[in-house]
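By convention in this document, chain letters (A, B, ...) are assigned in the order of the sequence lines, proteins followed by strands, and residues within each chain are numbered from 1.
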There are 2 protein chains.
Amino acid sequence: MTALEQMDNRESLTNFILNVVKIPKRDAEEITASFHPIELKEKEFLLKENVVSDDYLYLESGLMRIFLYGLDGEEITIDFFTENNIVFEITSFFNRVPSEAYIQAITTCTGYRISYDELNAHFHNKPAFRDFGRAILVKEFIASQRRNYGMINRTAKERYQNLLTTKPQIIQYAPLKYIASYLGVTDSTLSRLRKKM
Amino acid sequence: MTALEQMDNRESLTNFILNVVKIPKRDAEEITASFHPIELKEKEFLLKENVVSDDYLYLESGLMRIFLYGLDGEEITIDFFTENNIVFEITSFFNRVPSEAYIQAITTCTGYRISYDELNAHFHNKPAFRDFGRAILVKEFIASQRRNYGMINRTAKERYQNLLTTKPQIIQYAPLKYIASYLGVTDSTLSRLRKKM
DNA sequence: GGAATCACTTGACAAAAGGCAAGAAATACT
DNA sequence: AGTATTTCTTGCCTTTTGTCAAGTGATTCC
């Protein structure tokens with residue numbers, strides 16, 4: 001038994017599933033069982049540019065980010081992933097195309113992953129898995145829309161305060177420049193905003 | 001035969017489906033056949049606040065918008081829908097909760113709709129429908145992410161120019177104030193931007 | 001442990017965008 | 001046609017944010 005398997009206590013994933021979709025507990029446990037444990041060290045990558053993503057990950061603990069390179073070669077952090085959430089790059093994973101983005105662990109991360117082929121097989125064979133898959137897509141889609149709505153028509157200060165209340169872990173572990181590009185402001189502006197608060 | 005059925009030529013929907021997901025033509029035609037024709041007049045609503053949405057709509061022709069009321073009672077246009085796209089309010093439709101948003105026709109619109117129960121039944125019984133349903137969720141999710149990315153880290157001018165090239169119909173038919181709130185700027189600012197171009 | 005790099009802060013100025021209010025232009029409504 | 005309403009534009013001034021550049025502090029790495 002490896003160290004990874006030793007700490008393999010999947011209750012958190014089962015609970016997450018039951019929280020997202022109304023299915024019997026045994027179905028949730030069956031879904032959980034089809035995932036594989038994975039661990040990432042600080043700064044390690046789950047996905048890099050030009051690779052076709054094959055990871056659909058339940059993040060049990062830790063903090064991650066997805067970013068890409070802008071026109072001037074600067075990193076733009078698109079989103080942060082916090083524990084007890086699903087992590088994937090939808091375009092590359094579902095459309096089977098090379099990724100334009102990087103997914104990176106900010107802190108040490110643990111979780112459970114499943115490949116595209118595995119996920120797809122379950123999706124077609126198991127009604128509960130299908131409901132789970134759709135529920136995740138719907139949940140993340142809604143989160144993306146909310147983010148849109150929360151960014152537009154708000155000042156940088158309001159956006160930062162909102163992040164502070166919704167994902168305080170990020171402020172604690174992510175460097176200022178990640179947060180600044182996520183909020184769409186320069187490092188200087190964010191630094192000044194912080195001083196005023 | 002009513003006027004609505006007379007003009008019922010569903011090829012555009014079948015082509016749309018075939019464009020979105022790789023399934024046999026007969027399966028696409030079967031999906032198409034499960035939709036019902038619908039027409040909306042200028043300014044008519046497909047969805048209003050506090051109602052549980054029951055429309056998953058393929059917009060064949062016309063222009064629509066989804067909006068909600070901000071804290072000061074002002075309308076905020078969240079998104080525009082152009083022809084040859086699927087229109088739905090994901091939160092209310094899939095989670096079966098009262099909508100916070102309005103969906104309104106900007107011009108006269110025609111299309112084909114299906115209810116939640118109908119969609120769900122097909123989703124579980126027909127593999128092709130399932131693939132179609134997921135492909136639409138993935139497609140719209142990606143579009144939402146792209147919009148996020150296209151809004152942040154860009155000036156109002158760049159955002160407007162981008163809209164101009166990607167959805168020129170909007171500039172033609174939607175009043176300035178809809179576009180301004182969509183871009184996250186005031187009417188005055190957008191008016192000035194236009195003059196400079 | 002000292003050089004190099006990285007993360008963050010700060011100052012001075014410039015550009016972008018907003019607030020408010022007045023007015024012009026277009027549209028809707030008898 | 002003529003009034004009312006809505007839509008859009010414009011001027012003046014303020015606030016927000018960006019740019020550039022220098023400086024401080026922390027961290028990494030031979």
Side-chain angles (χ1 to χ4, degrees), chain A residues 41-45 63 65 67 69-77 80 102 104-108 148-164 169-197, chain B residues 41-45 63 65 67 69-77 80 102 104-108 148-164 169-197:
Chain A
K41 297 204 179 63
E42 204 179 314
K43 294 183 185 167
E44 199 176 333
F45 289 92
L63 177 63
R65 68 171 180 138
F67 71 94
Y69 287 99
L71 296 174
D72 306 337
E74 82 286 14
E75 288 182 4
I76 301 174
T77 295
F80 292 101
Y102 296 77
Q104 185 184 30
I106 294 176
T107 66
T108 298
N148 268 326
Y149 176 57
M151 291 304 234
I152 291 209
N153 290 310
R154 281 188 167 70
T155 65
K157 187 181 178 183
E158 292 170 323
R159 300 202 296 268
Y160 181 71
Q161 283 174 324
N162 182 55
L163 186 66
L164 214 97
Q169 317 97 304
I170 293 172
I171 279 73
Q172 188 171 3
Y173 294 110
L176 174 140
K177 63 175 180 175
Y178 294 177
I179 301 169
S181 77
Y182 174 77
L183 293 176
V185 296
T186 58
D187 297 4
S188 318
T189 298
L190 181 53
S191 178
R192 279 185 256 261
L193 281 177
R194 279 183 164 172
K195 196 168 62 164
K196 278 194 282 183
M197 294 167 57
Chain B
K41 297 203 179 64
E42 204 179 314
K43 293 180 185 168
E44 199 175 332
F45 289 91
L63 178 63
R65 67 170 181 138
F67 71 94
Y69 287 98
L71 295 174
D72 305 338
E74 83 286 16
E75 289 181 5
I76 301 173
T77 296
F80 293 101
Y102 296 77
Q104 186 184 30
I106 293 176
T107 66
T108 299
N148 269 326
Y149 175 57
M151 292 305 236
I152 292 209
N153 290 311
R154 281 188 167 70
T155 65
K157 188 182 178 183
E158 292 170 322
R159 300 201 296 267
Y160 182 70
Q161 285 174 323
N162 182 54
L163 186 66
L164 214 95
Q169 316 96 305
I170 293 172
I171 278 75
Q172 189 171 1
Y173 294 111
L176 175 141
K177 64 175 179 175
Y178 293 177
I179 301 170
S181 76
Y182 173 77
L183 293 176
V185 297
T186 58
D187 296 6
S188 319
T189 297
L190 180 54
S191 177
R192 279 186 256 262
L193 283 178
R194 279 184 163 171
K195 196 168 62 163
K196 278 194 280 183
M197 296 169 55

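Looking at residues two or more places apart in sequence or on another chain, you find a side chain to side chain donor-acceptor pair (under 3.5 Å) between B:Thr189 and B:Thr186. Scanning for side-chain contact (heavy atoms from CB on, under 4.5 Å) contacts around A:Ala174 gives A:Phe80, A:Ile106, A:Ile170, A:Tyr178, A:Ile179, with sequence neighbours left out. Scanning for salt bridge (Lys or Arg N to Asp or Glu O under 4.0 Å) contacts around B:Glu75 gives B:Arg65, with sequence neighbours left out. Scanning for side chain to side chain donor-acceptor pair (under 3.5 Å) contacts around B:Asn153 gives an empty result, with sequence neighbours left out. Partners of B:Leu176 under the side-chain contact (heavy atoms from CB on, under 4.5 Å) rule, at least two apart in sequence or in another chain, are B:Asp187, B:Leu190, B:Ser191, B:Arg194. Applying the side chain to side chain donor-acceptor pair (under 3.5 Å) test to A:Arg154 and every residue at least two apart in sequence or in another chain returns nothing. Residues forming a ring-ring contact (aromatic ring centres under 6.0 Å, His included) with A:Tyr102 (at least two apart in sequence, or on another chain): A:Phe45, A:Phe67, A:Tyr69.
The nearest whole Å value for the distance from the CD1 atom in B:Ile171 to the C1' atom in D:dC8 is 16 Å. Summarising the geometry, the separation between CG on B:Asp187 and P on C:dA21 is reported as 16 Å, rounded to the nearest angstrom. One interatomic measurement links the two molecules: CD of B:Glu158 to C1' of C:dA15, which rounds to 13 Å at whole-angstrom precision. Here the P atom of nucleotide C:dC8 and the CZ atom of A:Arg194 are 7 Å apart, to the nearest Å. Separating the CD1 atom of A:Ile179 from the P atom of C:dA7 is a distance of 12 Å, rounded to the nearest angstrom.
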Identify the pairs formed between an N or O of the protein and an N or O of nucleotides 16-22 of chain D at a distance under 3.5 Å, and give each distance.
residue : atom : partner  : partner atom : Å
D:dT17  : OP1  : A:Ala156 : N            : 2.7
D:dG18  : OP2  : A:Thr186 : N            : 3.2
D:dG18  : OP2  : A:Thr186 : OG1          : 3.4
D:dG18  : OP2  : A:Thr189 : OG1          : 2.7
D:dT19  : O4   : A:Arg192 : NH2          : 3.0

For nucleotides 3-7 of chain D, tabulate all protein N/O to nucleotide N/O atom pairs closer than 3.5 Å, reporting atom names and distance.
residue : atom : partner  : partner atom : Å
D:dT7   : OP2  : B:Lys177 : NZ           : 2.6

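With hydrogens and angles ignored, the 3.5 Å screen pairs a side-chain donor or acceptor of A:Thr107 with a backbone N or O of A:Leu63. Within the 3.5 Å criterion, the main-chain N or O of A:Thr77 finds a donor-acceptor partner in the side chain of A:Ser181.
In this structure, NZ on B:Lys177 lies 13.0 Å from CD1 on B:Ile76, to the nearest 0.5 angstrom. Taking OH of A:Tyr182 as the start and CE of A:Met151 as the end, the distance is 5.5 Å to the nearest 0.5 Å. Rounding to the nearest 0.5 Å gives a distance of 8.0 Å between NZ of B:Lys195 and CZ of B:Arg192.
Across its full length, the helix from C:dG1-D:dC30 to C:dT30-D:dA1 shows an angle of 50° between the axes of its 5 terminal pairs at either end, rounded to 10 degrees.
Residue B:Tyr173 places its OH atom among 12 or fewer non-hydrogen atoms of other residues, nucleotides or ligands, all under 6.0 Å distant.
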Protein proximity profile, nucleotides 22-30 of chain C - base contact B, sugar-phosphate-only contact S, no contact -, cut-off 4.0 Å on heavy atoms = ---------

